[in-house]
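Residue numbering restarts at 1 for every chain, and letters A, B, ... go by the order of the sequence lines. Values reported hereafter were calculated over all heavy atoms of this structure, with side chains retained and with hydrogens, waters and symmetry mates removed. Note that the coordinates shown come from a computational prediction; the quantities given were computed from them, not determined experimentally.
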Amino acid sequence: MTALQERRANFLIPLTIYATFTMPELPEVETTARGIRPHVVEKKITAVIVRDARLRWPVPKELPQHLVGNAIEHVERRAKYLLLRMPSGTLLIHLGMSGNLRILPADTPAQTHDHVDVVFADHTCLRLRDPRRFGAMLWCDGDPGAHKLLRALGPEPLGEGFDGDYLFRATRKRKVAIKQFLMNQNIVVGVGNIYASEALFLAGINPRRAADKITKVQCSRLALEIKNILHYAIAQGGTTLRDFVGSNGDTGYFQLKLNVYGKEGAPCPRCGSAIMQIRQGQRSTFYCGQCQK
DNA sequence: CTTTGCACCTGTTGGC
DNA sequence: TGCCAACAGGTGCAAA
């Protein structure tokens, strides 16, 4: 048994991974936050390894000097951003379309697309992998809420600020299709391409309908269904995470019961007619033409 | 101001 | 089998 295996066996360091979701919408980012939180809070950062700084924006050259010597105080999520707060500022992480974070023994060999390690004093590290490099890792001093990328974001869908009344007011005079409206992060955050389709199915609303044609009653229903599907997905994410701790496979969405996303041609779970696929703003949308009006 | 389409990247899939 | 086009879960930005 190698020294590393021995340490693992003795649980001196975590076996591995947390949250290798490959398609991060809000529930996946929330699950990631919960997954890494117990393994990074109050950990002192001893090194930062940037193997490839070419993410959506270049990883700042000063990032290591900002981080090293600091200890992470809190892990928060705002929209699809992870906020790792420390005394002198905040590390902002966005997973883009293909990013994931894992907790690993710091000496785990890096593989392709493992771009950044944040190394802790206990010889574990937080490792960012992101094949498409649409993600971001940025430093923010001061209030992260005032950061350019965060300040215009809409309310959290699971918070008090998002309900039917809010949605009704926000949709007035907006001609864009409701599905694209829901994916606008300045209206409400965290709803991505999958959950937009799913929430509209649950609410019985046609994704092509103009936002300002949605009634007050429908807005209430839609806000409720958005909360429902996100809560459900987070709960499933938690399950997935538990099941996968100690393994090294991607978790993905296979445990999630989706009604319409990716189900073109399949029978609608409610009425049996074929699920349709259309394009809206260069994104795929799935819906039931019978149930969603 | 709202809306639209492009761009950024790599990897996978399906059709020929 | 190989090749190539199409597509993939996000989002800032320029242009209309």
Taking the [atom1] atom of each, how far is [N] from [M], in whole Å?
N      : M      : atom1 : result
C/dC13 : B/dT10 : C1'   : 22 Å
B/dT12 : C/dT11 : P     : 23 Å
B/dG11 : C/dG12 : P     : 24 Å

Indicate if [X] and [Y] have the same hydrophobic cluster label, given that clusters are the connected sets of ILVMFWY residues with side-chain heavy-atom separations under 4.5 angstrom.
X        : Y        : answer
A/Leu83  : A/Ile234 : no
A/Leu82  : A/Val189 : no
A/Tyr261 : A/Leu182 : yes
A/Val118 : A/Leu84  : yes

Quickly work out the [X] [atom1] to [N] [atom2] distance and round it to whole Å.
X        : N      : atom1 : atom2 : result
A/Gln111 : B/dT10 : CD    : P     : 18 Å
A/Leu95  : B/dC9  : CG    : C1'   : 16 Å
A/Arg279 : C/dA6  : CZ    : C1'   : 9 Å
A/Tyr195 : C/dA8  : OH    : P     : 17 Å
A/Gln280 : C/dG9  : CD    : P     : 13 Å
A/Asp130 : C/dG10 : CG    : P     : 13 Å
A/Leu182 : C/dT11 : CG    : P     : 14 Å
A/Gln180 : B/dT2  : CD    : C1'   : 12 Å

If you check the [X] side chain, which of [options] turns out closest?
X        : options               : result
A/Lys80  : C/dT11, C/dC13, B/dG5 : C/dT11
A/Arg133 : C/dG9, B/dT3, B/dT10  : B/dT10
A/Met97  : C/dG12, C/dA8, C/dT11 : C/dA8
A/Gln282 : B/dC6, B/dC9, C/dT11  : B/dC6
A/Glu25  : C/dG10, B/dC6, B/dT3  : C/dG10

(message) Between C/dT11 and A/Phe134, is there a base-stacking contact, meaning the centre of the base's six-membered ring lies under 5.5 Å from the residue's ring centre while the planes stay under 30° apart?
(response) no

(request) Give every residue pair that meets the ring pair (Phe, Tyr, Trp, His ring centres under 6.0 Å) criterion with at least one member in residues 80-102 of chain A, sequence neighbours excluded. (result) A/Tyr81-A/His94

(request) Sort and list the pairs that fulfil ring pair (Phe, Tyr, Trp, His ring centres under 6.0 Å) and have at least one residue in residues 197-223 of chain A, not counting sequence neighbours. (result) none

Taking side chain to side chain contact (heavy atoms under 4.5 Å, CB included) as the definition, give me every residue that meets it alongside [X], ordered by chain and number, with sequence neighbours left out.
X        : result
A/Gln218 : A/Ile205, A/Ile214, A/Thr215
A/Asp143 : A/Ala146
A/Glu62  : A/Pro60, A/Gln65, A/His66

Is any side-chain N or O of [X] closer than 4.0 Å to OP1 or OP2 of [N]?
X        : N      : result
A/Ser98  : C/dG10 : no
A/Lys175 : B/dT3  : no
A/His94  : C/dG10 : no
A/Lys173 : B/dT3  : no
A/Tyr261 : C/dG9  : yes

(message) Under the rule for side chain to side chain donor-acceptor pair (under 3.5 Å), what residues qualify as partners of A/Gln180, not counting sequence neighbours?
(response) none

(message) Using the side chain to side chain donor-acceptor pair (under 3.5 Å) criterion, which residues pair with A/Arg270? Sequence neighbours excluded.
(response) none

(message) How close do A/Pro144 and A/Leu150 get, counting heavy atoms only, and between which atoms?
(response) O-CD1, 3.1 Å

(request) State, to 0.1 Å, how close A/Pro24 and A/Ser98 come at their nearest heavy-atom pair, and which atoms those are. (result) CD-N, 4.4 Å

(request) Summarise protein proximity over nucleotides 11-16 of chain B in one line of letters, 5' to 3': B for base, S for sugar-phosphate only, - for none, counting protein heavy atoms closer than 4.0 Å. (result) S-----

(message) Please give me every residue in residues 49-59 of chain A whose heavy atoms get under 4.0 Å of an atom in DNA chain B, ordered by residue number.
(response) none

(message) By the definition side chain to side chain donor-acceptor pair (under 3.5 Å), identify the one residue from A/Glu25, A/Lys179, A/Glu198 that meets it with A/Asn193.
(response) A/Lys179

(request) Specify the residues of residues 199-208 of chain A, ordered by number, for which at least one heavy atom lies under 4.0 angstrom from an atom of DNA chain C. (result) none

(message) Quick check: on DNA chain C, is the nucleotide nearest A/Ser284 upstream (toward 5') of the one nearest A/Tyr81, or the reverse? Name the residue that is more 5'.
(response) A/Ser284

(request) Convert the base pairs of DNA chain B into dot-bracket notation, remembering that pairs crossing earlier ones are written with [ ] and that bases paired across to another strand are shown as |; include only Watson-Crick or G-U pairs under 3.5 Å. (result) .|||||||.|||||||

(message) Given 3.5 Å as the limit, does a donor-acceptor pair link the side chain of A/His74 with the main chain of A/Glu76, or not?
(response) no

(request) Kindly write out the residues that satisfy salt bridge (Lys or Arg N to Asp or Glu O under 4.0 Å) with A/Asp165, not counting sequence neighbours, or none if the list is empty. (result) none

